Structure formats: C-alpha cells, structure tokens
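One structure below.
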Amino acid sequence: MIDLVLTGGTVVTEGGEARADVAIDGGRIVAVGLAETMPAAREQVDVAGHHLLPGAIDVHVHFREPGYTHKEDWGTGTAAAAMGGVTTVFEMPNTNPPTRSVAELREKRAAARKARVDFGLYGLLAEDNIGELEALAAAGVNAFKCFMGNTFGNLPSPSTGAMLEGFEIAAKTGLRISLHAETASIMAWRQERLEAAGIDHPLAHVAARPEIVAIEAVGRAAVLAEWTGARVHVLHISSAGELRPLAEAKARGVDITGETCPCYLFLTTADYDRLGSVIRVNPPVREAKDADAIWDALQSGLVDMIATDHAPHTPEEKINPVIWKADCGFPGVETQMPLMLTEVAKGRMSLSQYVKMSAGNPARAFGLWPRKGRIGVGADADIAVVDMGRRETIAAERLHSRARITPFEGRETIGAPVHTLVRGTFVQRDRTLVPGLEGHGRQVTDIQQMAQPAPRHVEESLEYLLAEARAA
Ligand code: DOR
Ligand code: ZN
C-alpha cells in the first residue's frame, strides 16, 4: 500500500504532455502511467482536467530572516512559495547579519526551520570573507552570491582582485556563484551626479544604472569564471546588451547560466509614470526592446531559467516621491507561475518550454537534477497541480508575503497552481495554504550533486600557492 495516487491529470515534461496518473510513496514518485498500472494507495486525489508540472525551483529569493522580519520571514516567504507552485527556493545572504561565516550560516539555518518548501542557502562571497569560503562550502552552503553592485543591505562589492581569489576558491568546491552583475563604481558615480543635480524622479533610477553596468559586469565576471574554472550564474538579466557577453561566454565553453525575472518580461519604462517608486528594482526595469530581446533569449534557451528575485519591502518603504529613498525590489515568488502560465494560455510558449525554464534548468544548474525538477520515477514528488483555465486578478492584499505591495496589482492572469506538493505532502490545497507545515521544508544539501569541479590555471592560482604555504 503506497501513500498517494494523483489520478486523471496530464503530466508535463520537457518533452511533451501525456495523460497519466502519478503514484507517490515516501515523498518520491514511484510510478507514472496508466490508471490500471497504479499500485494500491491509501489516498487517491482526482486531478482530472488539470496539468501536473514539476514544482518551480526559484533560485533567487530574499526571505529577510534574520534581521528584517518586518518585511518577510521564512514562514511567510515559504507560504508565498507554496501558494505560487514553487517547491524549492534558494535564499540570498543579504540578511542581517549577512550569511558570510559558518556561525551566520547556522543562524540562517535556524531561521529556515520554519520553511514549508525545500530550500538552498547562499553564502556570501565578498572582500572580507575570502577566508571563510571553504568553510562555508564544507558547512553546506548550496551556492555563493557575489554582489558586484550594491543593493539592499549595502554590502560593498568586492574588488576584482578579491573576486578572482574568491572564484579560485569557489572553483575548487564546484559550487556555482550567482552574480548580481552590475558594476558598483559606475552606478555610484552616476547616482551622485544625478542626486547633486536634484534629479529624483523614478526614471532617474534607470539613468543611474544604464545597461552598460550589466554588460561590463557580465563580461568581466565571465572572464574571471573562464580563467578560474568557476561556475557562475547571472541573476536577473534585465537588458538586451548583456545577452551578448552571456552568449559569447557560453560559446567559449564557460560554465555560465542566466536567469530573468517576470518584471523584466512584463514591465517596461512605459510603466514608470503609472507605478512611480513601486517599480524601483535593481537592476531596473528597462525598455520594451530589452523585454523583447529577453523573451527571445528565454525561448531560445540562451537565458536558461525564470526566477523571481522575491524582494519584499513594506509599502511605506517602497512609496517615496524621491526615487533614491524608495527600497528596491518587490515580492514575486507567488506571482511568477500565474504570470508565466498566462503567456502559455495565450500561445506564446508551451507548457513543456515553461517547465524547462522554471524547474528543469534550475535543477540542472544547481545540482538537483534528476532528484528535482522533473516528474518521473525516482524524483521527489514536488508537484504543482495547475488549472490552465483558472482566471485570477493579482492583488497585494491576497498575497501571502508580508510585503503587501506589487507592481502587478490588478493584472489578470490565466492559469494557476491549485495544489502544491512538496515531497508528496500538500502544502497548498485548493488555493488554500495547508496549516501546520512550517518545518516541512528541508535543505537540499544531501541531494545536491554538482559535477566534479574543474579548476583551471591552478599553477598560477593564488589559492594554490597559499594552500601550499599553509601546508608547509
Ligand atoms: O531590487 C533588488 N532588491 N535587487 C536586489 O538585487 C536585492 C533586492 C533586495 O534584497 O531587496
Ligand atoms: Zn536579489
């Protein structure tokens, strides 16, 4: 007798769609196929008419705990994830304190005990914690985060020298480094000039962070990754321009992946008047030509995945007539799937394309494949049961994030996850959060399998010589 069978649904894989039942036992998928081949189960749930997608894997969320729990905490953040069909999140280190040492990682892990969905934890890669990176890897961070440009938390960006040594160390661990790829010095210079001239309207934010900051940062980081053999991931791709250094690096064989977020696909400079400071995010929302180019790159696979940069702030922190005083970012983990499914409903892409960018590719890039990111025998039963006909209107007051503000307010969506399962347990059922599941989420460290690391230029590596000197 197994635990559960989901009957009558349509299973979506990267290769296509098929009517099939899904059998689940001990949190894993044990069979996918015709109803008559399913083992006997303690529970059967009829999902006829619905699509079964692998739960989304969002490798870019900020859950704010410890330190900023008036914005979000692990309970509210993972409630929003569960409601949004997201079954695994990777959480960022710009909390207070930042996740930059083993002691601080333990503190983050303690906060994450409230998680309802599975999670990975980022360790910071910064100027002042180069000596901690190996210990962080050994203690179980799932990836590193490097802020090349400053943003919420005001963590200073490392010098290129420190970055290079950090990349050498990360290369030896095999863990991927996710990059906030905007060049700090250009932005600081421009914002100071704009502020000094008294320019403080919302579009000035774009002038302070023009696409050249992303082009320069992606190009530089890709060169450092190439030379060291570090694996890198470009977070929140916002511009047409940065697609070129990304494509060139991939063509050279650099282990580099890229993500974009819904705001760069669905919003443009035409929305700044209407949304005011609510739209402020780093990097900024840019022009329609950028959104068009990113859509093309997402569909061609140059941009590997969709993530959200879920960055909650309160309405008071977001709304300010002086753009420089508004906090950057907004919640997104709950709205990504309905927004993207709407494009599927309109015929822009297939569900198979969507599950590749929302689940399969993030699982592969961060070492969770084949255990996560797919519906198939042996995988974790992380499933978003989706009603492709369901129409909803996004409203901040109905979101589960503590941050009750969104630039997508009033937007109509078609298609929504009506149930979310994490390792076979319903964390969301019938569009309602299932109570009592704080603590169900587990860190993915024991299932994560990064391919063998392949550091390069070892003889010239600072890290190599320092390690030798330590050993002598
Ligand atoms: O707008 C942003 N907000 N961009 C980031 O990179 C960080 C985030 C935050 O933590 O608020
Ligand atoms: Zn972020």
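All values reported here derive from a predicted model rather than from experimental measurement. Worth knowing before you read on, the calculation uses all heavy atoms, side chains too, and leaves out hydrogens, waters and symmetry mates. Counting convention: from 1, in listed order, for ligands and their atoms alike. One is the number of the first residue; the rest follow in order along the sequence.
Heavy-atom contacts of H313 reach the following atoms of ligand 1: 11 (O) (cutoff under 4.0 Å). For ligand 1, the atoms closer than 4.0 angstrom to any heavy atom of H236 are 6 (O).
Residue contact annotation: H60 places an N/O/S atom under 2.8 Å from the Zn ion (ligand 2). Put simply, H62 gets within reach of the Zn ion (ligand 2), with an N, O or S atom under 2.8 Å from it.
E192 CD: 12 or fewer foreign heavy atoms inside a 6.0 Å radius. Counted within 6.0 Å of NZ on K318, heavy atoms from surrounding residues, nucleotides or ligands total more than 12; the atom is thus considered enclosed. The neighbour count for R106 CZ, taken as heavy atoms of other residues, nucleotides or ligands under 6.0 Å away, does not exceed 12.
When the Zn ion (ligand 2) is compared with the N/O/S atoms of D309, atom OD1 turns out nearest.
The shortest N or O to N or O distance between H62 and ligand 1 is under 3.5 Å. Residue-to-ligand polar distances keep F147 apart from ligand 1: every N/O pair is separated by 3.5 Å or more. Looking at H60 next to ligand 1, no N or O pair under 3.5 Å apart turns up.
For the residue pair S239 and R286, no side-chain donor N or O sits within less than 3.5 Å of a side-chain acceptor on the partner. Between the side chains of S352 and E14, not a single donor N or O lies within less than 3.5 Å of an accepting N or O. Remark: the H233 side chain and the E259 side chain contain an N/O donor-acceptor pair separated by less than 3.5 Å.
Heavy-atom separations between R280 and ligand 1 are all 4.0 Å or longer. Heavy atoms of M92 come nearer than 4.0 angstrom to ligand 1 in no pair at all.
Nearest protein heavy-atom contact of atom 3 (N) of ligand 1 is C328 O, 3.0 Å. In this structure, atom 5 (C) of ligand 1 lies nearest to the protein heavy atom T151 OG1, 3.1 Å. In this structure, the protein non-hydrogen atom closest to atom 4 (N) of ligand 1 is N282 O, 2.8 Å. Here the heavy atom of the protein found nearest to atom 8 (C) of ligand 1 is A311 CB, 3.7 Å. Remark: minimum distance from atom 11 (O) of ligand 1 to any protein heavy atom is reached at R64 NH2, 2.8 Å.
Taking the six-membered ring for Trp and the full ring otherwise, Y68 and F152 have centroids separated by under 6.0 Å. The distance between the ring centers of F119 and W74 falls below 6.0 angstrom. Two rings, from Y264 and W295, have their centers 6.0 Å or more apart. H205 and Y272 have their aromatic ring centers separated by at least 6.0 angstrom.
Looking at D309 against ligand 1, only its side chain comes within 4.0 Å, counting heavy atoms. The residue D327 has no part lying near ligand 1, judged by heavy-atom distances below 4.0 Å.
Using the six-membered ring where Trp is involved, H236 and H60 have ring planes that are tilted, between 30° and 60° apart.
For the residues H180, E317, E72, K71, the heavy atom positioned nearest atom 6 (O) of ligand 1 is part of H180.
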